[in-house]
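Given the structure is predicted, the values throughout are model-derived calculations rather than measurements. Lettering follows sequence order; numbering is per chain, from 1.
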Amino acid sequence: MDQQQHLGPRQSQDQQQRPQQQHPVISDLCFHLYESSNVVDDDDAPSQSPVIGAPPPSSSSYSGGKTKKKSSSYVPLPVAAIRVLLDVIRRSEAETMMGLQADLRDASDVMIDFASRGGPVVETTIIDPNTNATITTTRYILAGRYHIALKSGCELFLTHVTRASLETPDFQLCKARVLERGTAFASYSIRARHRISAVGSPFVRDGCAVLTHGRSRVVESLLLRAALHEGKRFRLYVLEGRPDAGGARTARTYADAGIPTTVVLDSAMGHVMERIDMVLVGAEGVVENGGTVNKVGTFALGVVAREMGVPMYVAAESYKFTRLYPLNNADLPQMTNDGPAGSLMFLDTLAWSADAVNRRRRTAPPADDGDGDDGGDRTANTTEIVDSLRPYVVKLPPSVSIENPPCDFTPAKYITLLFTDLGVLTPSAVSDELIRLYQ
Amino acid sequence: MSDQPALSSATPNDHKSAAPAPSAKIVEKKAKPADLIISPKKPKLSKAERRALQESQRASKAAGGGDGGGKSSGGRGVGGIGGAGSEIGVSLATSGGGDGLTKGIRGKSINEEEKKEAVGGDERDSRGGGGGEDKTVSLFSHLPRPKTPSEIHHHLSSISSNNIQPNFMHPAIPTLGHLYITQSLLGGNARCRAMLQTFALLLQSYTPPAASRDFRHDIDHSLLKPAFQYWTTQCRPHSVSMGNAFSFLKLAVANLERDLEWEAAREILLQIMGSYITERIEYAGKAISRHARSKIHDRGDVILTFGKSEVINRLLLDAAYEKKSFRVIVVDSRPLLEGRDTLAILSRAGIPCTYILLNALTYLMMGEVTKVFLGASALMSNGSVLSRVGTACVALLANSNHIPVLVGCETYKICNRVQLESITGNELGDPEEVAYTDCARVGPSNRWNVMLDGHNGGGGEATSEKEEKDVLADWKDHPNLKLLSLMYDLTPSDFVTGIVTEVGILPPSSVAVLLREMSPESAFTGASALMSNGSVLSRVGTACVALLANSNHIPVLVGCKTYKICNRVQLESITGNELGDPEEVANTDCARVGPSNRWNVMLDSHNGGGGEATSEKEEKDVLADWKDHPNLKLLSLMYDLTPSDFVTGIVTEVGILPPSSVAVLLREMSPESAFTGTS
């Protein structure tokens, strides 16, 4: 770093660029989040390198012709972030390594800031090839949760760039090398999921009962592999996953694959635990002490599992390893709870569903299964449902404060093993990896 | 009982020589911690007077010791028992037990104790020596004996009159030695820094003898080694930090080029030493402060610290400088009371502080404290922390209250040793410091003690004039009393949430990795059986042994060459095992004569129909025809899997590792280690 001597010309340039830079980076991020879902959703073949050269569209909406039926599937945020950074490198007019690094740091700061604030990513319009209907989805980035994963991805990439800059003094060569490796890294990261499934699926034994929490692509692919490729038979319990119903949503994926799946309330984790043989969760970030940061409830799950002697496995890609050392949950990076993620609604769903049953009986033959919460599948019904829900919302006086932490920290001692693309690791090996990665 | 007067007549002598000395020493320490080279009291004496005093002390000590020794080798058996017995008898009577049965039992046990004591006494006597020597506590007898006050005094005089030393010694050496011995220089960093600085001083005044070909050898042998030996053997055992710095220095000297000019070599050495101090100590301290400060939240954190630690003080000051609002609880303990220094430093910086003693900790831990920051003297490679005695207690309490414990430690204090308890690598303090109960003098418990002493009369000696003195001033004369003062204790890594080093905050299990990454020479050259999750595959039965040992808190070390590490993870003994010949289980050679066997035979003959031809079995193995039994299966396994939880350490050729580090080991060794994409 220090050997890059000419630092002068860059700074003015930086100031010019800054104001416009905000938007492109974010829209790039959104673009990569969605674009890649088409490219890399199923890749037994080596993944095509993500559209190099083609400039990302400046508009925030993206319509693709060859959409998969899993249109909500997306590329992991950190990987998308790395791709954004690659784009930044391509477009960068910096003449020196220092300049390039500063550009990258700016871009990653913008993304981290964006993710840590939380909010809607973008409205994405996808044309469904079957029905030709346009589906618009808005995804929310929940503050805190994604922010950690994104940060780790960016940080890893930056270290990697720095390292490259130490190897050769020639800027152009260096830039080319960074690009080449970065691209390799991005595609590697995508393949990581498959490697993790291969490593972790043997742990799913025939006839066992698995409990999962939250929505994790890795866990999904691991369990599906165990069920479909390896023909294992196991029962699956899925925690509902308040407030984003992530668990309930994944339940469909599993049920489609023929795995006997049961959705239980988050609060029922203790109740079902005695039937469970293993707990498998994903992670937003794996921190340095071997613990994980994941959707809220994972900590409780870990404690219950530990008490009941059930092993808890975490499946996570190595780019989620973060240089973060939370001591306890109070020590997690501060997560803001304003924005859509912050407001919690409390519903008496029991009364509502009882009434709903009555209503259905009174009115019409029921629509197929009634759990219409999957994106915009039944947009027509949505308003109706919302209206019918309104009386069951528990109204709280303003004096009652609501806390809605998006994620919690599970200390290493509750985690049995981590399934990563580096192999099966003990929690303490995470720090060893991190030392190696960042030193 | 009859000997009692004789014993007590011998003791006052001892008293007068021994008792004032420690108190004088302590007073002197308290009074002037900074410049101790000349004690405030001593200069009034002329050299001759001092010599005389010393001589008389030595003489009186020898006389007292010899006297006591002679008496007890003959008479202690009776005298000691009599004394002890009567004392306990009195206390029994006063406690008003009155119960004949318990009294009988107690009397019995007392007798046994007395026997033991008598034996112990003989041993001690046979070891000879005066009052001080027989007071070593048996578990810690391997540790070097701390310097007694008279020795320190002797040492003091040897500084002023250098001619006692056989060959000339640079005055800086005993000067620093004196700081070590009087413990006016405490703390790993301070001691190490002072050592390096003194070495720098020595190097500056050093010129290699013309005769020697290789000045590197000469520096090592005539400069570095004698000084270090003097400090460690004559003054105080060296800390890990000093040891590490010293071996670094030796390495630096050895790495000098042979045909270098001395002047140039000196410059290089001085520069190396300077940068060691700046990088490994000063800069490391700054970096640790930076890392740890990020853990102090500006929302009214309450941070607890114990004793005095340079790193911790620095980071707290830095945090206060950043205008963070937090409160500090300084925990202190006797005898060193180092926390007072911390308290002074922190409160001067305007940090709101609370000062408590260690015994009040339980209450505070339960409510207020949000984080615990501790210093360390050394970091063992299994992640346990060697630190000032009392630290383990604080860490344990914090851990049981789920309060995160951070240990600040520079990487140069990492020791490649593994230590499992506080006994092996500890240091004895001066027991007088435990005896010197300055603040206890006025306490009610003390008054009670005095009363008690007055009551039982015969047990102690000359108790009446004790009212003016320390209660324990004459502890050396009590036959059953030993005082133990330890300098360090070992905090197991379980109690430590994170270790803050200059490379970042790490889990204790990563210390081994750090050690490996930092020392260049530790490349892995090279596992039936080390699974990558740290469990051990071994001969069947091992798991059972390990489990038993573990449940009895006995450390389990597993010896294993690294080539036996397997990159599989195995969770039970079923998957990757090997079947032995079941005949081996059947062939119960030794079982033939056992009673259980006879029972089996009987059973067999009873149920008749189940087996076949049971009658002729009496001559054969019971299980010889096991294959014919319809419901009988024999299982002979070769291996079983010992979970890593039961293993304390794994001894490999690269050192003793925590089981959790096996995965790293594996990765380091395998050439195709994954994740080539990034680097």
Side-chain angles (χ1 to χ4, degrees), chain A residues 156-157 159-160 163-164 181-189 191-192 195 199-200 202-203 205 278 287-291 311 318-319 321 323-328 330-331 333-334 411-413 416-439, chain B residues 291-292 294-297 299 301 370-372 383 402-406 493-494 496-501 503-514 516-518 531-535 567-569 571 575 644 658-668 670 673-679:
Chain A
L156 199 63
F157 187 78
T159 334
H160 155 70
R163 235 181 242 171
R181 282 191 204 158
T183 316
F185 179 71
S187 63
Y188 169 89
S189 301
R191 265 177 287 134
R195 219 180 289 181
V199 153
F203 284 81
R205 276 166 300 162
M278 62 181 274
V287 295
E288 222 168 336
N289 46 18
S318 60
Y319 57 76
F321 289 11
R323 291 220 83 178
L324 199 70
Y325 202 105
L327 305 172
N328 46 22
D331 194 41
Q334 201 64 354
K413 68 173 176 181
T416 316
L417 288 172
L418 289 145
F419 305 150
T420 72
D421 43 317
L422 309 175
V424 179
L425 301 181
T426 54
S428 58
V430 172
S431 138
D432 307 346
E433 275 307 328
L434 278 167
I435 292 176
R436 271 159 38 83
L437 281 180
Y438 285 99
Q439 244 187 8
Chain B
H291 293 304
S294 67
K295 294 292 163 207
I296 301 179
H297 297 304
R299 343 170 189 141
D301 255 356
T370 58
K371 258 151 228 156
V372 176
H402 302 289
I403 297 164
V405 177
L406 284 176
S493 56
D494 299 351
V496 179
T497 318
I499 290 171
V500 194
T501 66
V503 293
I505 309 182
L506 302 170
S509 57
S510 289
V511 173
V513 194
L514 209 57
R516 210 158 45 240
E517 299 273 333
M518 316 246 327
M531 296 296 149
S532 61
N533 61 348
S535 26
N567 62 3
R568 239 171 338 134
V569 166
L571 299 171
T575 337
S644 56
S660 56
S661 288
V662 173
V664 198
L665 208 59
L666 183 69
R667 212 160 39 246
E668 299 275 334
S670 62
S673 59
F675 223 52
T676 40
T678 48
S679 46

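- Heavy atoms closer than 4.5 Å to chain A are found in the side chain of B/L406, but not in its backbone.
- Of the listed residues B/T497, B/L506, B/I403, the one with more heavy-atom pairs under 4.5 angstrom with chain A than any other is B/L506.
- Between the CG atom of A/L327 and the CD1 atom of B/I505 there is a distance of 6.0 Å, given to the nearest 0.5 Å.
- Residues passing the side chain to side chain donor-acceptor pair (under 3.5 Å) test with A/S431 are B/S510, sequence neighbours excluded.
- For A/P326, the part lying under 4.5 angstrom from a heavy atom of chain B is the backbone only.
- Minimum interatomic distance between B/G498 and A/Y325 (heavy atoms only, all atoms of both residues): CA-OH, 3.0 Å.
- With contacts defined as side-chain heavy-atom distances shorter than 4.5 Å, the pair B/K295/A/D331 qualifies.
- The side chain to side chain donor-acceptor pair (under 3.5 Å) test applied to B/S493 returns no partner, not counting sequence neighbours.
- Closest of all the heavy-atom pairs between B/G504 and A/R323 is CA-NH2, 4.5 Å.
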